[in-house]
A.B. asks: 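Dumping the structure here so I can ask a few things about it.
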There are 2 protein chains.
Amino acid sequence: MSPSRSSRAEAAAIDGAAPVFAALGDQTRLRLVARLGREGPLSVARLTEGADVTRQAVSKHLRVLEVAGLARGVRQGREQVWQLQPAPLEDARRSLERIAERWDETLARLRAFVEEE
Amino acid sequence: MSPSRSSRAEAAAIDGAAPVFAALGDQTRLRLVARLGREGPLSVARLTEGADVTRQAVSKHLRVLEVAGLARGVRQGREQVWQLQPAPLEDARRSLERIAERWDETLARLRAFVEEE
DNA sequence: ATCATACGCAACCTCCTGGTTGCATATTAC
DNA sequence: GTAATATGCAACCAGGAGGTTGCGTATGAT
């Protein structure tokens with residue numbers, strides 16, 4: 001296994017994170033995610049209350065979240081109930097952690113380099 | 001100060017996070033961020049090597065990152081050197097943490113509710 | 001049986017995004 | 001001074017994203 005810097009696996013993880021961030025990168029959608037986070041599984045209708053767009057728009061956004069793996073919807077009677085899928089959220093969070101951590105290392109290296117002059 | 005659930009401040013934090021996620025939600029851009037994280041400040045030219053798009057495209061992406069507050073570029077002679085701006089990255093990470101945490105609470109509540117039946 | 005509710009599908013529209021190419025400009029190298 | 005390098009600016013283009021409206025359909029309530 002190659003050393004810590006820039007492994008294939010890490011590059012793949014980063015590429016995989018992009019769609020998740022893209023899914024989170026819309027205000028309406030991020031609000032949906034936040035609401036699902038604190039109010040638990042919710043139907044499309046209930047999610048539409050409080051969102052300032054049409055039910056159709058909400059449905060579309062939920063579909064996008066589903067494709068990104070961030071949420072899942074199941075039919076219950078005549079309503080479809082959506083819930084968060086925490087795994088990809090965690091992965092995304094870890095990606096950010098890695099990048100920030102690397103940046104700290106980089107800054108330390110640069111400082112050391114400058115001080116050698 | 002209001003209690004922990006859904007404060008104005010938190011809502012604002014979430015809304016503010018969306019543009020950051022949007023900026024990270026593009027593969028080319030996320031790769032740039034990752035590279036800046038591990039290789040430190042880099043010029044546009046050096047960032048273009050290794051990116052599979054034009055220098056112009058890279059420049060545009062850097063501009064987007066700048067608007068989102070994620071990176072900053074300074075002129076040094078004839079080249080412009082870009083570096084990461086870790087604060088918004090941290091904020092975004094914290095937003096995800098909050099959502100995940102809330103989700104855990106929600107699940108716990110639901111489990112308790114179901115068991116009461 | 002009828003009515004209301006909750007939803008999906010499809011068409012459509014507008015605007016933004018990611019990308020390119022061409023040209024102009026400032027800086028460094030020779 | 002001249003050539004090469006590093007970048008910015010502007011125009012342009014194709015496609016996708018977010019949104020709406022209209023309609024159809026399944027489920028639940030009365």
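Letters A, B, ... mirror the listed sequences (proteins, then strands); counts begin at 1.
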A.B. asks: Counting only heavy atoms not in A:R109 (residues, nucleotides, ligands), do more than 12 fall under 6.0 Å from its CZ?
C.D. replies: yes
A.B. asks: A:L42 versus A:R35: any side-chain heavy-atom pair under 4.5 Å?
C.D. replies: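 Yes, close enough: below the 4.5 Å cut-off.
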A.B. asks: Between A:R98 and A:E10, does at least one N-O distance fall below 4.0 Å, as a salt bridge requires?
C.D. replies: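 A salt bridge links A:R98 with A:E10.
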A.B. asks: Looking at B:S59, does any N or O in its side chain come under 4.0 Å of the phosphate oxygens OP1/OP2 on D:dG8?
C.D. replies: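 Yes, B:S59 has a side-chain N/O under 4.0 Å of OP1/OP2 on D:dG8.
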A.B. asks: Give me, pair by pair, the N or O atoms of the protein and of nucleotides 22-25 of chain D that are less than 3.5 Å apart, along with how far apart they are.
C.D. replies:
residue, atom, partner, partner atom, Å
D:dG22, O6, A:Q56, NE2, 3.4

A.B. asks: Could you report the tightest heavy-atom contact between A:L96 and B:A92, atom names first, then the distance?
C.D. replies: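 For A:L96 and B:A92, the tightest heavy-atom pair comes out as CD1-CB, 4.0 Å.
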A.B. asks: Which residues within residues 26-34 of chain B lie with some heavy atom under 4.0 Å of an atom in DNA chain C?
C.D. replies: B:D26, B:T28, B:R29
A.B. asks: Could you tell me the separation between the CG atom of A:L62 and the P atom of C:dC9, rounded to a whole number of Å?
C.D. replies: 13 Å
A.B. asks: With the side chain counted from C-beta on, respond yes when B:L24 and A:L24 share a heavy-atom pair under 4.5 Å apart, and no when they do not.
C.D. replies: no
A.B. asks: Which atom pairs, one a donor and one an acceptor, fall under 3.5 Å between side chains of residues 76-86 of chain B and the rest of the protein, sequence neighbours left out?
C.D. replies:
residue, atom, partner, partner atom, Å
B:Q80, NE2, B:G73, O, 3.2

A.B. asks: Same cluster or not: are B:L36 and B:V67 linked, directly or through other Ile, Leu, Val, Met, Phe, Trp or Tyr residues, by side-chain heavy atoms under 4.5 angstrom apart?
C.D. replies: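 Cluster IDs for B:L36 and B:V67 differ.
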A.B. asks: Only distances under 3.5 Å count here; give the side-chain donor-acceptor pairs of residues 27-34 of chain A to other protein atoms, sequence neighbours excluded, each with its distance to 0.1 Å.
C.D. replies:
residue, atom, partner, partner atom, Å
A:Q27, NE2, B:D15, OD2, 3.3
A:R29, NE, A:A23, O, 2.8
A:R29, NH1, A:H61, ND1, 3.3
A:R29, NH2, A:A22, O, 3.3
A:R31, NE, B:D15, OD1, 3.1
A:R31, NH2, B:D15, OD2, 2.7

A.B. asks: Check each residue of residues 75-84 of chain B for a non-hydrogen atom within less than 4.0 Å of any atom in DNA chain C, then write out the ones that pass by number, or none.
C.D. replies: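 Only B:G77, B:R78 qualify.
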A.B. asks: Hey, which sits more toward the 5' end of DNA chain D by its nearest nucleotide, A:V53 or B:K60?
C.D. replies: B:K60
A.B. asks: Measuring only between side-chain heavy atoms, which start at C-beta, is A:R63 closer than 4.5 Å to A:E66?
C.D. replies: yes
A.B. asks: Would a distance-only check, ignoring hydrogens and angles, find a side-chain to backbone donor-acceptor pair under 3.5 Å from A:T106 to B:G37?
C.D. replies: yes
A.B. asks: Does any residue of residues 41-52 of chain B have a heavy atom under 4.0 Å from DNA chain D, and if so, which ones, in number order?
C.D. replies: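 Those residues are B:S43, B:V44, B:A45.
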A.B. asks: Are any of the side-chain nitrogens in A:E97 or A:R94 under 4.0 Å away from the carboxylate oxygens of its partner?
C.D. replies: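 Salt bridge: no.
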A.B. asks: Check whether any side-chain N or O of A:T54 sits under 3.5 Å from a backbone N or O of A:A57 as a donor-acceptor pair, and report yes or no.
C.D. replies: no
A.B. asks: Say whether A:V64 and A:L89 are linked into one hydrophobic cluster, either directly or through other cluster members, by side-chain heavy-atom distances under 4.5 angstrom.
C.D. replies: no
A.B. asks: Output the single nucleotide from D:dG18, D:dT20, C:dG19 whose closest atom is nearest the side chain of A:H61.
C.D. replies: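 When the side chain of A:H61 is considered, D:dG18 is the closest of D:dG18, D:dT20, C:dG19.
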